[in-house]
Amino acid sequence: MNGPPLEAWLALSAALFAVGLFGVLTRKNLVAILLGVELMANAANLNMVALGHFRGTPFGQAAALFSIALTVAEVVVGLAIVVLLARTHKSVDADAPSEMQG
Amino acid sequence: MIELAMVPVFLPLATFGVLAVLWPLRHSGMPAAWLSVASALASCVAAILAWTGAPVAGEPAQGMVFDWLVHDGKTIAEVGFRLDAISAPMLVVVTFVAACVQVYSLGYMAHEPRPALGRYFAWHSLFIVAMSGMVLAPNMLQFLACWELVGLCSYLLIGFYWDKPSAGRAAVKAVWVTRFADIGLMSGVVLLYVTTGGFAFEMTGDSGAATLVAALLFCGVMGKSAQVPLHVWLPDAMEGPTPVSALLHAATMVAAGVFLVVRAWPIFEAAPPVLTAMTWIGAVTALVAACTALVQHDIKKVLAYSTCSQLGYMVAALGTGSFFGGYFHLTTHAFFKALLFLAAGSVIHAVGTNDLREMGGLAKKTKLTAGLFILGALALAGVPPLSGFFSKDLVLEELLHAHAYGPLLICLAAAGLTAFYMTRVVCMAFLGPASARSLEAHESPPVMLLPMGALALTAAVAGFTTGRFGNDVALAPWHFAVTAPGVAALLLALGGIALAYMKYGQGKLAGLGVPALAAFIRSGPVDGLFVRGWQQGLRPLAGVVGWVDRYVVDGAVNLFGWAALVGSERMRVLQSGKLRDATYLLVMGALVVVAWGAIGGVR
Amino acid sequence: MPWLSITVLAPLLAAAILLLVPSSSRGTTRVLSAAASLVSLWGAIEVSLAYNLHEGGLQLRETLPLVPSLGINWDLAVDGWGVSLLLLTGLILFAGVFATWTLDDRDKDFYILLLTLVAGVLGVFVSLDLFVFFLFYEIAVLPMYLLIGIWGSTKKIEIKGPFAFALRRLDVGGREYAAMKLTLMLLIGSAFILVGIFALYQGGGARDFGMLHLAEHPLSREAQLWVFPALWLGFGSLAGVFPFHTWSPDGHASAPTAVSMLHAGVLMKLGAFGVMRVGMVLCPEGAVAWAPIVGAVAVINVVYGALGAMSQTDLKYVIAYSSVSHMGVVMLGAATLDTDGWNGAVFQMFAHGLMTGLFFALVGLVYGRAHDREIFRMGGFAKAMPGVAVFFTLAGLSSLGMPGFAGFIAEFLVFLGAWRSGNVVWALAGIVGAWVTAVYVLRAVRAIFWGEGPPERYHHLSDAKGTEWVALVLLGGCLIVFGCWPRLVLDAIDVGTSMHLPVVLQAVKPELAL
Amino acid sequence: MTAWILFVLVAFGTLVSAVMVVRTADLVRAVLWLAASLVATAGLYALLDAGFLAAMQLLLYTGGIITLMLFAVMLVRRGPEAPTAGLIANPGRALTASLAVFGLVAFTVAEAGLPTEPGAGGSPSAKLLGQVLLGPLALPFEALSVLLLAAMVGAIALARRKDPEE
């Protein structure tokens, strides 16, 4: 069982997280931003599972499971908002809606 | 006795109050004039009675004291009246000349519009109040207060024709120059209080402080009594009506400076260096003013410079260490100079112009005025029987006793010049061919001639009342004829008259260096000094200060306002409402916190 | 009869009632305000009569606990100074109310703000509790913003100088600008004051705000060395102390007549009164250590203000700068720590209050008719308005220190005090300042009133009418009366000084190197 | 040894697909790349003996969310305009931010000195996970269902096209 050590896993998840973050910061399209968020969530799950695996507790996986469920809910609501915005602002550009009123 | 002396203060004060408040009375013209003249005459009579009864020496009569300033419960200065050998004669001079001038003004100012007439007589009464208040002042503070009030009256009366721009400028110039000199006077009074704890006229203790106080007080004298550098305002003061010039700028007000020295004699006596300075300044003033008078075309300007020159005489006399000569010359000068001015007034009244060149041959048309003017001129020149001779001679004698030979020679030269320019005026105005204007000249009404006659009488007689001025030296009049300076002065005077008569009477002796002198003097060296001082000195300085305040100090304050505005604009970017900016900030904020926690935690 | 509370609260009460009065009825507003000012003036006179000079000290004391736990109570009492300054405020308010008789747009609000402002001023002069003192101080300062902002006037000022870029961004000369600048600078000042008050409060054991209590428990010397400057600069900003005076020209130039009458006439005295009553009496050692600097700055104020006034061609700016210069004389007197100096300082507050009140009333009249403030464009106004010309000359003569008017007494006492306390240079600077004042005042009088006749564009000039005479005659008369018989007020002031000065003088120790 | 090779391969796959998600301009392709990345992660879970979780991942994530995303993209696609350049003006700042995050986490991990060897008892089996979920974590588990319900209702309320007559 001399697979990759815990540090490797954590480094991988950090890398994934960084890429997701980069995606969120650079994309102009709202949906693309959501994709980035997905990536970051995924990285977090990986992190938890890795720790759970190396610590031998089921909680890692349980947490990951919960996180997946939460991410689903979040994406659903996110996309609903995107659709709403697309309808009101006629564009999906992240910078369009900058005034307080609708 | 003291109550009599208070009449010249309170009666005109009441008149002024009444005229100032009841403007219908003021606008009524003649009634207001008569009220003021009546109060002036009454004060004159009261002053004469007070003078006859005044204690020659010993304890002065003190009266009506009420405390004015208070310091920690104790009074430091009070308002009161002090009648003694010094103040009594001056009071007489002031009130007598004032009364004559007021009567004269009835005629001279008759054609003025009624409200202006009322205003003129109101200010005249105020002047009598101020002058009497100063003369009777028991302490230095009241003297200073009335001194400034006299300056105020001169401002108001010079600027009587306030719609004439030149009169306005002259009035303001008079106040500026005199108050500039009063900086010294006020400092002197403050120093007097600081060293002696009170405002008395004498200073015990070391002479160092006394010298300083005396020097400072003398600055005030130089301003008000028009000594050389500060005399520039006197000729311009001629813008005022002629009776005003006669009263203020010939007889009484300008003599205030000399009276200050006499009044505060104990202080000056303890300051020899100041006294020697006075002799020199006085002598120089006498000479310079005499030369300037020589070249003036305006009759009033000639008399103004002549007053300036005579004031120089008085200051020189005071510098010799005994105030008797100066004081005596002050009183006699007041009489004949007032007479000269009033006569000049009636000449102007007759021909309607001040310019000597447009006059001539007036003797035929206005005999009385000419006669009185000539009498005054002779008195001024110092011809024996008249008072001028005695007082001027006494001055020269004191200069001789004090071994002040330099000033003595200068004064003698000035005496000659005085005779010369007075005769010039007489020739140009009264003798010689009649000019166009003098043809339809007419003699002045009796109401103007009467006061001139009274003044002529006193000018002639004053020489013989040497006994009652300041000290009890009863000098017999003939005593003067034999003294060396007396004879020299007489010869010079006669020579001056002869020379001037030949030059201006017969038109011979062209030249005599007069045109060269005229060119230099007309350029107004000293006057230019002051004008330059204002144009290149004070006004640009004020401009710079104003600019600095508006744009530098104020600018600095506005800088904060500007910084606030610009700063807020920079901050606005942070709340741009853009989603991505917000996320970016969120990330950076989180990053910082986590980093700080991580680095902190690990260490 | 609690005269002090009546005098202080009458204007506030009137302001409250005015709120209910419909703004359409101009008559009742004016009558009510005049009545309120009359009550205040009558109260001030009653107080000065009731104040027994031989006894001296604090009298007519009225206390009412407000917040016992913090030691704040409504503690009014009057000392020698309070009496004279109360009288001044009453006079100026009475004159001010009549000076704005002809104001027509939103006059009700104007009177409400004016009365509140004066209530604040009255409160400051008599309150013993520092907290209530500060409360009234703020009540006096804040209405200024609205008064200048709404009823002020704008003036074009060309932009130049090193900070031109800054000036371009702010609409310099505008009335909002002036109101904003005035209020902000005074509030910064009150921030300093608050710091000082709390320091004193702590020093006194954080139990009681009363000045008597704080006087018994003074701060340590080191603390006083910084508390005094805080109080000095705080109050000084209102008193127009040199670097913080720049609000005064703009503020007064843009303010309407009655407001500048009250502001220059009374509010600036608040600052000087604060410096002396709170700053010097409660921090004696600080005062003694800082006196030379206070004096030096005051000298700058006098000469700088006078020269500034001479360089101005706008009449209101000239008078505003002259106020700065005269307030410099007050601070000079205060810095001498000498009986005459202090008497002179407080008397100058009184005299200058009357003078500036009269000046601004007159300027209001001239501006109201000619709608122009440029001195050299006007001329010959005396023909059209002789009354205004006479009173303007009267105010001018008093400001240049002509004896027979109140100005001379004050300045003379200050110069005596300065010379006696050894600062000869200050006295000389003051005297030269007085001369410079003479130069610009008489120049202004000649430029505006003398000369042939008003130029054609001012054909419609008319002299003061009806109620406007009240302000002029009242203030002009007071100037002469208090000039000839200064004892009427000087006795009260002297009693006040002899009560407060010993407290400061016993703190005179060899000045440490600051 | 094979664990290392597998790990590297799958990790590389995940990272590349993640980068592609971020870099591709076209939205649909981006979503597909995301799907690839999620599948690779599921592989990683398998490597960590978390079989059940890998299945969940595949089912929920790739099945549910990706299809949802595709729907959303189709819905909001506005006519033929070309997909705007996805990159914003200052990628530089974003890059530094991400690298900083990565560096920070790496630094903390390296410093923390975690136990390198796997703990006792190997990785938990699905049975154990089930017991845990319904045991101590029962309450959160139930709460999760309520949350999902709320999300659904919210999404519908938001995105519903308003009826004209309302």
Gap between atom [atom2] of [Y] and atom [atom1] of [X] - 0.5 Å precision:
X        : Y        : atom1 : atom2 : result
B:Leu149 : C:Met402 : CG    : CE    : 6.5 Å
B:Arg179 : C:Leu442 : CZ    : CG    : 8.5 Å
B:Asp67  : C:Asp491 : CG    : CG    : 8.0 Å
B:Leu541 : C:Ser311 : CG    : OG    : 9.5 Å
C:Phe412 : B:Glu148 : CZ    : CD    : 10.0 Å
B:Leu152 : C:Thr393 : CG    : OG1   : 10.0 Å

Where do C:Tyr440 and B:Leu538 land on the side-chain contact (heavy atoms from CB on, under 4.5 Å) test, with the steps shown first? CA-CA 11 Å; C:Tyr440 70 75; B:Leu538 205 54; over 6 Å; no
Minimal heavy-atom distance between C:Ile409 and B:Trp68, with the atoms involved, is CD1-CZ2, 3.4 Å
Between C:Leu428 and B:Ser187, what is the shortest heavy-atom contact and its length? CD2-OG, 3.6 Å
Just wondering, more than 12 heavy atoms not from B:Arg539 lying within 6.0 Å of its CZ? yes
Is it the case that more than 12 heavy atoms not belonging to B:Trp547 sit under 6.0 Å from its CH2 atom? yes
Going by side-chain contact (heavy atoms from CB on, under 4.5 Å), C:Leu416 matches just one of B:Val190, B:Leu141, B:Val189. Which one? B:Val190
At a 4.5 Å cut-off on heavy atoms, which part of [X] comes close to chain B: side chain, backbone, both, or neither?
X        : answer
C:Phe415 : both
C:Met180 : neither
C:Ala427 : neither
C:Leu413 : side chain
C:Asp340 : both
C:Lys181 : side chain
C:Phe244 : neither
C:Ala309 : neither
C:Leu184 : neither
C:Leu501 : neither
C:Ile493 : neither
C:Tyr177 : side chain
C:Pro386 : neither

Within the 4.5 Å heavy-atom criterion, are [X] and [Y] side-chain neighbours or not?
X        : Y        : result
B:Val557 : C:His245 : no
B:Val545 : C:Tyr321 : no
B:Tyr193 : C:Arg420 : yes
C:Pro403 : B:Leu144 : no
B:Tyr155 : C:Val445 : yes

Contact winner vs chain C - [options], heavy-atom pairs under 4.5 Å:
options                      : result
B:Val566, B:Val175, B:Leu69  : B:Leu69
B:Asp554, B:Asp549, B:Val548 : B:Asp549
B:Trp176, B:Phe180, B:Phe560 : B:Trp176

Quick one: what part of B:Ala171 sits under 4.5 Å from any heavy atom of chain C, side chain, backbone, both or neither? side chain
Would you mind checking which part of B:Leu156 comes under 4.5 Å of any heavy atom in chain C, side chain (CB onward), backbone (N, CA, C, O), both or neither? neither
Sort out for me which of [options] touches chain B most, counting heavy-atom pairs under 4.5 Å.
options                                : value
C:Thr339, C:Val439, C:Leu53            : C:Val439
C:Gly404, C:Pro486, C:Gly308, C:Ser498 : C:Pro486
C:Val303, C:Val432, C:Leu400           : C:Leu400

Under the side-chain contact (heavy atoms from CB on, under 4.5 Å) criterion, do B:Arg169 and C:Trp450 qualify, and how do the steps go? CA-CA 10 Å; B:Arg169 262 195 301 281; C:Trp450 295 25; over 6 Å; no
